[in-house]
Amino acid sequence: MTEAGRHKGFSTPFAPEDADLSRCVHCGLCLQSCPTYIELGLETESPRGRLYLMKGISKGRIEPTAGVLAHLDLCLQCRNCEAVCPSGVPFGRIMEDARADTVAAHHAPFSWRVRIFFLRAFILRPWLLRTLVSILRIVDRSGLRALGSRVPLTGLRNLFCLLPQVRGRPFKKTGVLATPEATPQRRVAFFSGCVMPLLHGRVHEATIRVLARNGCWVVAPPEQTCCGALFSHSGDRATAVKLAKRNLDAFVADEFDVVIVNSAGCGAALKEYPHLFHDDPNYSEKAQRFSALVRDISEFLVELDPLSSAEAITATVTYQDSCHLGHAQGVREQPRQLLRSIPGVQFVEMDNADRCCGSAGIYNLTQPEMSGQLLEGKIRAVKETDADIIATSNPGCILQLETGLRRERLRGRVMHVVELLDEAYSR
Ligand code: SF4
Ligand code: SF4
């Protein structure tokens with residue numbers, strides 16, 4: 001916590017790295033890439049405006065009232081601005097630091113504290129998350145979801161549309177998951193995550209099959225845990241650091257060549273572990289070694305030159321860039337390359353494929369109005385492609401796009417890129 005601003009009767013809760021903040025030259029080139037600015041046209045809801053507010057707060061010129069912090073809260077942390085900024089402003093890091101400092105200085109508004117309470121309650125207690133997913137499974141199997149998504153009351157219908165759909169049985173596997181007969185191409189450590197094995201077990205199964213098919217030896221270290229991304233984004237750095245330490249201890253680097261992730265959000269968090277430990281002598285080097293090995297599944301497969309699938313999938317496919325894959329990790333071409341490599345696939349780009357769909361972790365729950373507006377635009381762009389399948393690379397995007405299809409009562413499947421590849425391999 002800085003002392004600046006005390007003379008004005010308030011304390012400033014945070015001080016993001018001055019060097020980071022000072023990189024902004026106010027050119028405004030990021031504005032037309034910012035989803036909240038595009039929707040609202042307000043400077044306060046733009047990257048430049050938010051940087052101005054954060055700088056003002058850190059210098060004690062602007063009081064961090066709940067109203068001011070609300071502008072930071074409406075940010076999706078999609079990092080589209082970061083990807084286009086010619087000055088290299090690390091917006092994602094600045095925003096995460098600002099939120100973490102605000103929480104650590106006990107300046108967080110009530111809504112932020114409630115969010116952290118629920119995140120800790122569910123993510124740190126796997127049995128509670130499992131119970132929730134079991135309830136969702138019952139909703140699916142009993143036909144309640146189908147019924148609910150047709151009721152004439154818009155509010156109730158939207159609520160049912162928002163309920164995540166469970167894909168496949170929970171993925172509980174740990175230890176060695178695939179052993180090729182020949183010398184393995186690569187020794188892979190698989191990162192499983194917290195929500196994904198429960199909600200999207202089918203995507204994990206597909207990932208393991210695709211890796212095995214491409215001659216990899218695969219192990220899932222049993223002590224691994226949540227990557228901590230949702231906590232970092234919400235300002236709960238203490239929990240994010242605790243989880244990151246558990247992961248760094250669980251993955252022993254000399255046993256494998258690469259760490260594979262199939263969730264864009266987790267992948268970005270794992271690659272950015274060194275930032276969490278830059279001043280921790282015990283974990284700093286470990287974090288750097290670990291992060292250097294992390295690869296998204298599509299990034300890895302393209303490096304490996306994957307087997308081509310023998311059978312065709314005759315479908316029109318479009319691709320939604322997951323923000324934390326495209327903007328945060330710079331992985332844009334590889335998923336497209338994999339999709340185009342599947343025989344029979346007619347690949348069509350949608351307009352603004354790299355614009356956030358409004359999922360953004362738990363943003364669809366905390367900012368339902370803006371999230372809904374962004375989803376509407378996304379579904380309009382999907383409709384124009386006439387695609388049968390929307391492929392993407394993140395569980396949150398899958399859930400959000402499925403919600404959009406259900407709301408509009410559209411046909412079409414939302415699939416992870418690796419699921420589609422697996423389907424082509426297995427036909
Ligand atoms: S963040 Fe980058 S692109 Fe946006 S105004 Fe600042 S310097 Fe320009
Ligand atoms: S992270 Fe996304 S929503 Fe936030 S300011 Fe940048 S572009 Fe806008």
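Note that the numbering runs from 1 along the sequence shown for the chain. Numbering of ligands and ligand atoms starts at 1, following listing order. Given the structure is predicted, the values throughout are model-derived calculations rather than measurements.
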Kindly determine whether Ser371 and Gln400 satisfy side chain to side chain donor-acceptor pair (under 3.5 Å), including the steps that lead there. CA-CA 9 Å; Ser371 170; Gln400 177 82 341; 3.1 Å; yes

Distance under 4.0 Å to a non-hydrogen atom of [X]: what atoms of ligand 1 satisfy this?
X     : result
Pro86 : 3 (S)
Val25 : 6 (Fe), 7 (S)
Leu51 : 1 (S)
Gly28 : 5 (S), 8 (Fe)
Cys85 : 1 (S), 2 (Fe), 3 (S), 7 (S)

For a 4.5 angstrom cut-off between non-hydrogen side-chain atoms, does Val302 reach Glu333? no

Indicate yes or no: at least one non-hydrogen side-chain atom of Thr102 is less than 4.5 angstrom from one of Ile57.
no

Taking every heavy atom of Phe91 against every heavy atom of Pro47, the minimum-distance pair comes out as CE1-O, 3.8 Å

Considering non-hydrogen atoms of the protein only, which is the closest contact for [atom], and what is the distance?
atom                    : value
atom 2 (Fe) of ligand 2 : Cys78 SG, 2.3 Å
atom 8 (Fe) of ligand 2 : Cys34 SG, 2.4 Å
atom 6 (Fe) of ligand 2 : Cys81 SG, 2.3 Å
atom 3 (S) of ligand 2  : Leu76 N, 3.4 Å

* Do the rings of Tyr273 and Phe277 sit parallel, tilted or perpendicular, given the 30° and 60° boundaries? -> perpendicular

Requested in this report: Would you please classify the geometry between the His204 ring and the Phe190 ring as parallel, tilted or perpendicular, with 30° and 60° separating the classes?
Outcome: perpendicular

Quick check on atom 4 (Fe) of ligand 2: does Cys75 put an N/O/S atom closer than 2.8 Å to it? yes

A student checking ligand 2 against Arg50 at a 4.0 Å heavy-atom cut-off should list atoms 3 (S), 4 (Fe), 5 (S), 8 (Fe)

The atoms of ligand 2 lying under 4.0 Å from a heavy atom of Pro35, numbered in the order shown, are 7 (S)

Donor-acceptor pair, Gln320 side chain versus Arg355 backbone, under 3.5 Å? yes

query = Can you tell me if Asn247 uses its side chain to pair, donor with acceptor, with the backbone of Cys226 under 3.5 Å?
reply = yes

Within the 4.0 Å heavy-atom cut-off, what Phe91 brings close to ligand 2 is side chain

To the nearest 0.5 Å, atom CG of Asn80 lies from atom SG of Cys34 at 8.0 Å

#### Entry: Whether Pro47 lies under 4.0 Å from ligand 1, heavy atom
no

| With a 4.0 Å cut-off on heavy atoms, is Gly88 touching ligand 1? | no

In terms of its nearest heavy atom to atom 1 (S) of ligand 2, the top option of Arg355, Glu82, Arg79, Arg48 is Arg79

Quiz prompt | salt_bridge(Arg50, Glu45) N-O dist < 4.0 Å | solution = yes

